[in-house]
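See structure below.
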2 protein chains.
Amino acid sequence: MTAAEPSGSPTMRDVADHAHVSPMTVSRTLRDDPSVTPEKRRRVLDAVAALGYRRNEMARNLRLGSSTGLLGVIIANIANPFYAQLALGIEAHADKRGMRVVFANSGENPERERQLVSDFAARRLDGIIAVPTANQHDHLDPAALSGTPVVLAASPPHRINVDAVLLDDFGGTYEATSMLIARGHHRIGFLGLPAATWTGSERYRGYAAALEAAGLRVEDRYVRRNQPDVAAAVASATAILDQPDPPTALFAANNRNTLGAYRAIRSRAETVALAGFDDLDVADLLDLPLIVVSYDARELGRVAAELVCEHIDNTAPGSSTRRIVIPTKVIDYQQCPS
Amino acid sequence: MTAAEPSGSPTMRDVADHAHVSPMTVSRTLRDDPSVTPEKRRRVLDAVAALGYRRNEMARNLRLGSSTGLLGVIIANIANPFYAQLALGIEAHADKRGMRVVFANSGENPERERQLVSDFAARRLDGIIAVPTANQHDHLDPAALSGTPVVLAASPPHRINVDAVLLDDFGGTYEATSMLIARGHHRIGFLGLPAATWTGSERYRGYAAALEAAGLRVEDRYVRRNQPDVAAAVASATAILDQPDPPTALFAANNRNTLGAYRAIRSRAETVALAGFDDLDVADLLDLPLIVVSYDARELGRVAAELVCEHIDNTAPGSSTRRIVIPTKVIDYQQCPS
DNA sequence: CGCGGTCGTGGTATCGATACCATCAGTCCG
DNA sequence: CGGACTGATGGTATCGATACCACGACCGCG
């Protein structure tokens with residue numbers, strides 16, 4: 001070493017000094033500029049290796065004004081397998097575009113979600129895909145995010161102007177509930193999600209509409225709408241089934257509730273039919289008939305990535321707010337014995 | 001508007017012009033410097049709101065030379081619930097420290113892992129926690145990453161000097177296999193992971209050691225070690241069980257293999273005992289006795305975050321390579337009927 | 001009334017990397 | 001042999017934000 005190494009990360013100037021060239025030559029070498037002599041190129045690369053130098057992407061991006069090549073994904077609950085599939089779909093498309101994807105977990109906490117979005121925009125990610133936790137979307141408005149494109153997944157925008165990729169929450173729930181009714185169930189319980197969320201209200205709407213279409217009434221005592229985890233779902237299902245004149249079937253509004261309902265039903269003597277939103281990868285292994293509302297979560301992610309990439313490409317994307325709906329498919333695991 | 005808005009993201013200078021103050025005053029206002037007159041403060045904040053201005057964190061970090069406050073996590077397979085728990089544990093600790101966590105998925109692709117690590121280091125994240133996919137760890141050496149601290153999870157470092165948080169792969173497998181033997185099984189199949197990975201070789205070692213300790217021999221025809229997904233695990237399990245003189249029990253080296261083995265066993269007439277590494281959240285719902293090697297994945301993440309934070313704090317962390325082992329616990333789901 | 005001291009504000013240099021232009025050596029051709 | 005030209009290299013300004021210093025206004029006190 002010709003001199004004392006600087007304490008912090010080595011910079012391009014350090015490499016230049018070490019290789020006895022100018023910083024410009026270092027920059028060119030690392031940018032694969034062909035106009036660098038093989039001799040100097042070698043010296044630079046040696047110095048880079050000797051110092052463990054690594055170009056500072058943030059400074060580079062600042063100077064170039066170019067995009068960061070990053071797509072940010074804010075998911076509501078990393079422990080939910082649905083989001084894992086969503087993530088894979090997003091990655092599949094981003095890969096083709098040569099973009100990198102980073103994920104952050106809001107933990108279904110609106111304040112955290114707000115901070116994460118703000119942070120992603122401040123770091124100038126090229127685009128953001130968010131699964132909003134609450135119904136307040138002001139913080140997701142690109143106009144308030146220096147124009148960073150935003151696409152919502154699984155929830156439509158509320159008072160802001162962005163694209164969204166949705167599930168057919170209403171239709172899927174309607175169809176599955178109707179199937180229970182067609183099997184002769186007239187008292188059907190509902191394990192739902194908070195009414196303040198889009199999925200929570202849509203799936204409830206689907207449930208209620210199916211009952212109404214069959215001339216049945218929604219009984220509030222059969223409905224619970226706030227189970228944050230499987231244990232709570234078990235408790236709610238048990239409470240519903242412990243009433244006098246209990247339902248003969250349950251509809252669960254997502255995978256957590258389906259698992260909870262399954263556990264509750266399994267531990268009792270009477271048989272209760274079960275249907276639920278979200279497929280389970282072990283659905284066919286359960287020893288109870290189960291109807292699920294299934295959908296291609298990966299496709300949902302892929303489409304969301306496609307939309308956000310279109311916004312990234314078009315400097316003037318127009319003000320068309322697109323809503324794309326991913327279809328759902330009802331699967332009856334009673335019909336297909338493993 | 002007093003003038004045409006600039007096309008790109010508004011900058012501090014734009015805000016300054018709009019508010020008729022100098023960029024310095026804008027900077028001070030946004031930094032909550034008390035030496036700004038309320039009057040000008042208001043003008044600045046109004047301009048910020050009017051322009052949708054957002055401070056550029058990258059430029060800010062560059063100037064301040066301060067840390068980014070980001071912890072990067074590179075996980076091997078986002079679809080594996082184990083990693084979701086790991087992520088939650090990391091987040092729990094990072095939250096307490098006021099750090100943000102971003103995740104990236106290597107998809108068990110070593111080249112992708114290399115790119116992601118390089119990218120995280122180039123963007124000057126404060127620290128990296130990685131679950132390495134292969135046994136080649138050169139790209140994870142902090143010396144080659146401008147000194148960015150690295151902690152490995154679930155796999156010890158190979159020829160590099162970093163801390164790691166491990167599972168008791170050997171012990172857990174040994175104990176569970178021994179339990180199968182104690183139940184009278186003398187022919188035990190093994191669904192493993194690639195031998196080139198740490199977990200793959202350790203879990204195989206545990207299996208083999210348990211057999212040997214009981215005076216049994218490892219039969220190669222009972223061993224398959226490369227099932228990348230559940231379907232492949234089903235196929236391998238079926239192949240093992242279809243042989244003449246088949247095993248009466250199987251050990252599966254991770255949750256994918258356990259599920260695959262379960263499916264294979266379930267579709268045949270004879271009963272086959274099953275044990276596996278990784279707990280399943282539906283383990284108690286399966287209609288077959290099941291032994292699992294369980295552990296606190298969240299704790300693993302928490303400890304990894306702790307270690308990497310210590311490195312971030314200590315400017316000279318010493319060269320002690322620590323390895324912390326998270327204990328495993330064997331759970332017998334036959335014993336605790338739901 | 002003048003002098004030192006605070007307080008609010010703006011100018012300038014800088015973080016690390018690169019675009020642009022200047023420069024200088026070497027080459028080719030009229 | 002000289003001038004124009006190509007090609008490698010270095011100097012300078014800049015991206016957006018902020019640390020540091022400088023400056024003018026205002027205050028109180030002798």
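Just so you know, these numbers use all the heavy atoms, side chains as well, and skip hydrogens, waters and symmetry mates. Chain letters run A, B, ... following the sequence lines, proteins first, then strands; residues in each count from 1. For clarity, every value in this text was computed on a predicted model and none was experimentally measured.
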Just by modelled atom types, is the [Y] backbone N or O under 3.5 Å from a matching donor or acceptor in the [X] side chain?
{"X": "A/Thr37", "Y": "A/Glu39", "answer": "no"}
{"X": "B/Ser67", "Y": "B/Asp126", "answer": "no"}
{"X": "B/His137", "Y": "B/His158", "answer": "yes"}
{"X": "B/Thr29", "Y": "B/Thr25", "answer": "yes"}

Query raised in the report: Between C/dG16, C/dG11, D/dA17, which nucleotide gets closest to the side-chain atoms of A/Leu62?
Result: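 Among C/dG16, C/dG11, D/dA17, the one nearest the side chain of A/Leu62 is C/dG16.
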Query - B/Asn56, nearest nucleotide to its side chain (from D/dA17, D/dC15, C/dA17) - result: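 Closest nucleotide to the B/Asn56 side chain: D/dA17.
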Query - Residue whose nearest DNA chain C nucleotide is more 5′ - B/Ala59 or B/Arg28 - result: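 Counting from the 5' end, the first nearest nucleotide belongs to B/Arg28.
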Between [atom2] on [N] and [atom1] on [X], what's the gap in Å once rounded to a whole number?
{"X": "A/Met24", "N": "D/dA8", "atom1": "CE", "atom2": "C1'", "answer": "12 Å"}
{"X": "A/Arg13", "N": "D/dG10", "atom1": "CZ", "atom2": "P", "answer": "11 Å"}
{"X": "A/Glu39", "N": "D/dG7", "atom1": "CD", "atom2": "C1'", "answer": "17 Å"}
{"X": "B/Arg31", "N": "C/dT9", "atom1": "CZ", "atom2": "C1'", "answer": "18 Å"}
{"X": "B/Asp17", "N": "D/dG16", "atom1": "CG", "atom2": "P", "answer": "13 Å"}
{"X": "A/Asn61", "N": "D/dT14", "atom1": "CG", "atom2": "C1'", "answer": "15 Å"}
{"X": "A/Met58", "N": "C/dT14", "atom1": "CE", "atom2": "P", "answer": "20 Å"}
{"X": "A/Met12", "N": "D/dT14", "atom1": "CE", "atom2": "C1'", "answer": "14 Å"}

OP1, OP2 of [N] versus side-chain N and O of [X]: anything below 4.0 Å?
{"X": "B/Ser35", "N": "C/dT9", "value": "no"}
{"X": "B/Ser27", "N": "D/dA17", "value": "no"}
{"X": "B/Arg55", "N": "D/dA17", "value": "no"}
{"X": "A/Thr25", "N": "D/dA8", "value": "no"}
{"X": "B/Lys40", "N": "C/dG8", "value": "no"}
{"X": "A/Thr37", "N": "D/dA8", "value": "no"}

Requested in this report: Indicate, with a heavy-atom threshold strictly under 4.0 Å, whether A/Leu64 touches base, sugar-phosphate, or nothing.
Outcome: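 Touches sugar-phosphate only.
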Report task. Indicate, with a heavy-atom threshold strictly under 4.0 Å, whether B/Val36 touches base, sugar-phosphate, or nothing. Result ->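 Sugar-phosphate, backbone atoms only, no base.
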Query raised in the report: Side-chain donor or acceptor of A/Arg63 under 3.5 Å from a matching atom on the base of D/dT14?
Result: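 Present.
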**Report entry** A/Arg54 with B/Asp119: basic N within carboxylate O range, under 4.0 Å
**Finding:**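 Result for this pair is no, no salt bridge flagged.
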